[in-house]
Amino acid sequence: MEKRVDHLVSWIRQQVNDAGLNGALVGVSGGIDSAVVAYLIKRAFPDDSIGVILPINQRVEDQKDAIAVVEGANLKKVGIELTESYQTTYNEIQEQLQANQDWNEENAQLNGANLQARLRMSTLYSVAANYGYLVVGTDNAPEHYTGYFTKYGDGGVDLVPLIHMTKGEVREMARYLGVPSQVVEKKPSAELWEGQTDEEEMGVSYDTIDAYMKGEQVAEKDKEIIEALHKKSAHKRIMPAEPPKFE
């Protein structure tokens, strides 16, 4: 694990240096993936790394797990509440589409969740531009494979150091790095809405996806779900799509 951490820290440092920039930042949600990235960027850039907390419909000071991560990693913290920005944008979209009689209420919850993710990523890039930093993403291997990320939201980043790691491996690294135990053990959730959990939304557990990606036997029903998610989300992993060159 020490070698793997050193490998990722060196890679992050090299990517930032190659870009001619000063450091790195990550949006800290209070989940295990962003926690691991927070600890990695602190090692890569002890004096030039930031954890950004971006709550919507909550206050920065209420993000106890995210604050525990930032403090545990000894990262500089930037907290920006995006509630008003989100509500203004979402309400305007809804009003205009309702005026056209085109508003789709069935898609409203997921649409709002994706808008939140994209608003957070726009904010991260604005903060990063201020400091001359790269934005480091938090997607792991199961999330990337199944498309469990928002296109141009949490998937819109500069670096993805955890992209080859299963959820179990991320958890092992978190323990090694000293991530607070309550973050390591909590049920994974993108907190897209009240009570939402990753595994319930995907319909399959991270342990099962990890096993599938390692070539282990999984239940046929789970295999079908994983492969369907992978196929449906193919467009997210090829951004943006481009036509063949015209001859």
Side-chain angles (χ1 to χ4, degrees), residues 24-42 49-95 105 107-131 133 135-140 143 148-157 162 167 170-171 174 179-202 206:
L25 62 74
V26 62
V28 180
S29 65
I32 192 170
D33 301 299
S34 65
V36 168
V37 172
Y39 277 69
L40 291 175
I41 65 172
K42 176 64 178 183
S49 48
I50 297 175
V52 188
I53 302 175
L54 301 170
I56 295 175
N57 298 324
Q58 297 182 45
R59 298 181 304 170
V60 171
E61 55 265 35
D62 293 332
Q63 311 307 298
K64 299 189 184 306
D65 287 343
I67 292 171
V69 166
V70 173
E71 291 178 349
N74 197 27
L75 270 180
K76 181 176 181 178
K77 181 187 78 174
V78 173
I80 304 171
E81 294 179 15
L82 296 176
T83 302
E84 185 176 351
S85 299
Y86 165 71
Q87 290 179 342
T88 298
T89 303
Y90 187 83
N91 290 342
E92 183 65 23
I93 293 169
Q94 183 177 9
E95 287 174 12
E105 187 62 34
N107 293 341
Q109 187 177 58
L110 184 58
N111 191 3
N114 285 331
L115 178 59
Q116 290 183 24
R118 292 178 178 125
L119 180 58
R120 287 188 174 108
M121 198 51 59
S122 296
T123 305
L124 288 178
Y125 270 98
S126 292
V127 176
N130 178 75
Y131 292 95
Y133 288 0
V135 176
V136 186
T138 65
D139 287 342
N140 54 48
E143 290 170 346
Y148 192 69
F149 59 89
T150 297
K151 190 174 185 178
Y152 302 121
D154 50 317
V157 294
L162 309 184
K167 194 71 169 184
V170 173
R171 194 172 292 112
V179 171
S181 60
Q182 73 268 25
V183 174
V184 177
E185 303 302 331
K186 72 191 294 187
K187 186 169 287 190
S189 172
E191 298 183 352
L192 301 178
W193 49 79
E194 185 70 27
Q196 182 266 346
T197 66
D198 296 356
E199 294 177 332
E200 183 177 343
E201 190 179 1
M202 288 189 290
Y206 276 112

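All heavy atoms count here, side chains included; hydrogens, waters and symmetry mates do not.
With sequence neighbours excluded, no residue forms a side chain to side chain contact (heavy atoms under 4.5 Å, CB included) with S181. A search for side chain to side chain donor-acceptor pair (under 3.5 Å) contacts involving Y39 returns nothing, not counting sequence neighbours. Applying the side chain to side chain donor-acceptor pair (under 3.5 Å) test to D62 and every residue at least two apart in sequence or in another chain returns R59. Checked against side chain to side chain contact (heavy atoms under 4.5 Å, CB included), A108 has the following partners two or more places apart in sequence or in another chain: Y90, W103, E105. Residues passing the side chain to side chain contact (heavy atoms under 4.5 Å, CB included) test with E92, sequence neighbours excluded: E95, Q96.
Across S34 and G30, no two heavy atoms sit closer than the pair OG-N, 3.9 Å. Closest non-hydrogen pair, G155 versus D139, comes out as CA-OD2, 4.0 Å. Minimum interatomic distance between V60 and I80 (heavy atoms only, all atoms of both residues): CG2-N, 3.9 Å. For the residue pair V37 and G137, the shortest heavy atom distance occurs at CG2-O, 3.5 Å. Residues A174 and V184 share a closest heavy-atom pair of CB-CG2, 3.9 Å.
Taking the side chain as every heavy atom from C-beta outward, L115 and I93 approach each other to under 4.5 Å. In this structure the side chain of Y125 never reaches within 4.5 angstrom of the side chain of Y133, judged on heavy atoms. Using a 4.5 Å cut-off on side-chain heavy atoms (C-beta onward), T123 and L82 make contact. Annotation: side chain of E143 is in contact with side chain of K167 (closest heavy-atom distance under 4.5 Å). Considering only heavy atoms from C-beta on, Q116 stays 4.5 Å or farther from L119 through its side chain. You'll find the side chain of E81 stays beyond 4.5 Å of the side chain of I56, heavy atoms only.
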**Request:** Please report the C-alpha distance between Y152 and M121 in whole Å, then the side-chain angles of each, then the deciding distance to 0.1 Å, and finally whether the side chain to side chain contact (heavy atoms under 4.5 Å, CB included) criterion is met.
**Result:** CA-CA 8 Å; Y152 302 121; M121 198 51 59; over 6 Å; no
**Request:** Quick one: do I53 and V78 satisfy side chain to side chain contact (heavy atoms under 4.5 Å, CB included)? Show the steps, please.
**Result:** CA-CA 6 Å; I53 302 175; V78 173; over 6 Å; no
**Prompt:** Yes or no on side chain to side chain contact (heavy atoms under 4.5 Å, CB included) for L162 and V36, after CA distance, side-chain angles and deciding distance?
**Reply:** CA-CA 9 Å; L162 309 184; V36 168; 3.9 Å; yes
**Item:** From CA spacing to verdict: side chain to side chain contact (heavy atoms under 4.5 Å, CB included), K64, Q182
**Value:** CA-CA 10 Å; K64 299 189 184 306; Q182 73 268 25; over 6 Å; no
Can you give each donor-acceptor pair under 3.5 Å made by side-chain atoms of residues 65-77, sequence neighbours left out, with the distance rounded to 0.1 Å?
| unit_1 | atom_1 | unit_2 | atom_2 | d |
| --- | --- | --- | --- | --- |
| D65 | OD2 | K186 | NZ | 2.9 |

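Exactly one of I50, T138, V135 qualifies for a side chain to side chain contact (heavy atoms under 4.5 Å, CB included) with V26. That residue is T138.
For E199 (side chain) and Y206 (main-chain N/O), a donor-acceptor pair under 3.5 Å exists by modelled atom type.
Residues D154 and R118 are not paired through a salt bridge, judged by the lack of any N-O separation under 4.0 Å between the basic side chain and the carboxylate.
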